[in-house]
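For reference, the structure is listed below as structure tokens.
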2 protein chains.
Amino acid sequence: MTDSAEPLSSLRRALGLLRLVGAAEAGGIRLKDLAEQAGCSQPTAHRALQDLAAEGFVEQIGKRYRLALDFFVLAARAGHADGLRDLAKPVLLRLSATLTDTIFLLVRNGYEAVCLDRIEGPFPIRSFTGDIGGKVPLGLGQGSLAILAHLPEAEREAVIRFNVPRLLDRGFLDEAALRVELEKARVQGWVNLNTGLIPGMAGLGVPVFDAQGRAVAALSVGTLADRLRPERLPGVVAILKAEAATLGAMLNPFDTALRHPSRSLSSVA
Amino acid sequence: MTDSAEPLSSLRRALGLLRLVGAAEAGGIRLKDLAEQAGCSQPTAHRALQDLAAEGFVEQIGKRYRLALDFFVLAARAGHADGLRDLAKPVLLRLSATLTDTIFLLVRNGYEAVCLDRIEGPFPIRSFTGDIGGKVPLGLGQGSLAILAHLPEAEREAVIRFNVPRLLDRGFLDEAALRVELEKARVQGWVNLNTGLIPGMAGLGVPVFDAQGRAVAALSVGTLADRLRPERLPGVVAILKAEAATLGAMLNPFDTALRHPSRSLSSVA
DNA sequence: GCAATAAATTTCATATAAAGGAATTTATCA
DNA sequence: TGATAAATTCCTTTATATGAAATTTATTGC
């Protein structure tokens, strides 16, 4: 599972360790396993972990290492690309108040969609992204699909090529079905695919376009299937689209942050 | 502002840089400033940043560096100390559904309280912690105060000594007033101090005790002052306390993670 | 639109700090 | 309690990080 010869500098190796600590299950991970998975000696891992701990990035409980809360605090600031999360907050609050359903804000990040924020509605909704900070392959879930559908063709194809196997792994659409859904999404401008994660639940996603007309994010709703029946659906779509437009208009055209997903895309490759 | 001679290893220096990137404002920070603030040469900072970027921790937009979304994704897992956030989710959902107010889950981290999760109610509430991942000095805000009030005396005194100046800086209680509130909180078991962040808003916090009887977290409610008037208040207190008890009972007595705040406490010093 | 300035990279010789084998201590399990 | 395995410390060799200086690239003023 470990790659061939990637982590050259000591720093990158240490960051790899940090990543492994993050990937470990809730109980934490032992030095031995860490060293093994990272492909380095135990003393090396040990000293890196000591430094990581000294800086408050990991904590050592007994002989298990886990990510520290300081790390969590630091990272809370990371979602603020373009201040998107802050910008979107009122939008999410309005949607939540108007619809009384669970609302998601997703952003594209390479081949994935990341849940940047989420406001809970009255029904406990299980989403593909899980909680804030969770991610899904682009194409899985309504908001995620909405973003993918509205990407420029070249990028979209690259993502599809990369993600189709991952979608199949998760028992989702095959390529043909995905393309049908994408086309539908592109035509109607929103996604209503019932992915059947939980029976009786349904979702709805719309893309958010930046000043350059790129689909950089999505707003979506997760609720009971009952609440997206034909008589209510069009209203919800209209509200979502209106808020997506509002949010898009707020994206600073001079900020180039979201304009270069190709960079983060390549970083995933 | 920079410390004297702390970051010796290259790793710690790099982590310091990462921290500085996180502390920078939304637009990102330039290499020059980074190098200056970190107290290292520009080439050194540069290569560290390159590695950080290659591992997906920071991203470089033009000539500014900022925390990358990958970092956000990784750190989302850091809140799961003891799986507390997951454990608490149903509790928060129930509270949110029952009270239809904004609900907070705070955990203690050294001299601070960190907002681990939050469910929005119908009224936009501004809290001291801000959003998820935000932090406040222990003693500021109802939940934070609830934790502080129920700490063992020695720890409580240490925190008070450390935090009083910070509280004063923020125009909050002086030591005498704080001690009055702490005593009140300890006696009645919950905090209802109207901190007056926004007129007309009010909050309520209760401590969450682990199996060892330590106040490791707090549940709190933020709402309109109107909604915490005498006729509704006792009911809300009862519900909050009941859920706090439920949550406390779910904390694994064999997990030692929250039992050693002294460690993280010293790390702040 | 062009010069002047400042910042960002790259290069390179040097010193220093990171690496891992081996030994020691500490914890875990029978 | 004894045996095993992991964690930590020690130490030398090697390799990597470092900052001065140089080069390229961007930014600012005119």
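Hydrogens, waters and symmetry mates play no part in the numbers below; they use all other heavy atoms, side chains included. In what follows, chains are A, B, ... by sequence order, proteins preceding strands, each numbered from 1.
Listed pair T44(B) / dG19(D) meets the phosphate criterion, a side-chain N or O lying under 4.0 Å from OP1 or OP2. Of the side-chain N and O atoms in K63(A), none sit less than 4.0 angstrom from OP1 or OP2 of dA7(D). Contact between the side-chain N/O atoms of S41(B) and the OP1/OP2 oxygens of dA20(D) is not found at any separation under 4.0 Å. Contact annotation: Q42(B) does not reach the phosphate of dT23(D) (side-chain N/O to OP1 or OP2, under 4.0 Å). OP1 and OP2 of dT16(D) both lie 4.0 Å or more from every side-chain N or O belonging to S10(A).
If you take CZ of R64(A) and C1' of dT28(C), they are 12 Å apart, rounded to a whole angstrom. The CD-C1' distance, from Q50(A) to dA17(C), rounds to 17 Å in whole Å. Across the protein-nucleic acid pair, R47(A) atom CZ and dA19(C) atom P stand 6 Å apart, rounded to whole Å.
Checking dA19(C), dA8(C), dT8(D) against the side-chain heavy atoms of K32(B) singles out dA8(C) as nearest. Each of dG21(C), dA8(C), dT10(C) was ranked by its minimum atom distance to the side chain of P43(A); first place goes to dG21(C). In the set dT8(D), dA8(C), dT9(C), dT8(D) carries the atom at the smallest distance from any side-chain atom of Q60(A). With dA8(C), dT28(C), dA17(D) as the candidates, the nucleotide lying closest to the side chain of L31(B) is dA8(C).
When each of D33(A) and L11(A) is assigned the nucleotide of DNA chain D bearing its nearest heavy atom, the one mapping closer to the 5' terminus is D33(A). If you find the closest nucleotide of DNA chain D to H46(A) and to C40(B), the one lying nearer the 5' end belongs to H46(A).
For Q50(B) and H46(B), the side-chain atoms include at least one donor-acceptor pair closer than 3.5 Å.
Salt-bridge formation is not detected for the pair R30(A)/E36(A): no Lys NZ or Arg NE/NH1/NH2 atom is positioned less than 4.0 Å from an Asp or Glu carboxylate oxygen. A salt bridge is absent between R186(B) and E153(B): the closest approach of a Lys/Arg side-chain nitrogen to an acidic carboxylate oxygen does not fall below 4.0 angstrom. Ion pair R13(B)/E55(A) not flagged as a salt bridge, since none of the NZ, NE, NH1 or NH2 atoms sits closer than 4.0 Å to an Asp/Glu carboxylate oxygen.
Put simply, the side chain of R30(A) and the base of dA7(D) share no donor and acceptor less than 3.5 Å apart.
Considering all non-hydrogen atoms of both residues, V206(B) and A244(B) come closest at CG2-CB, 3.6 Å.
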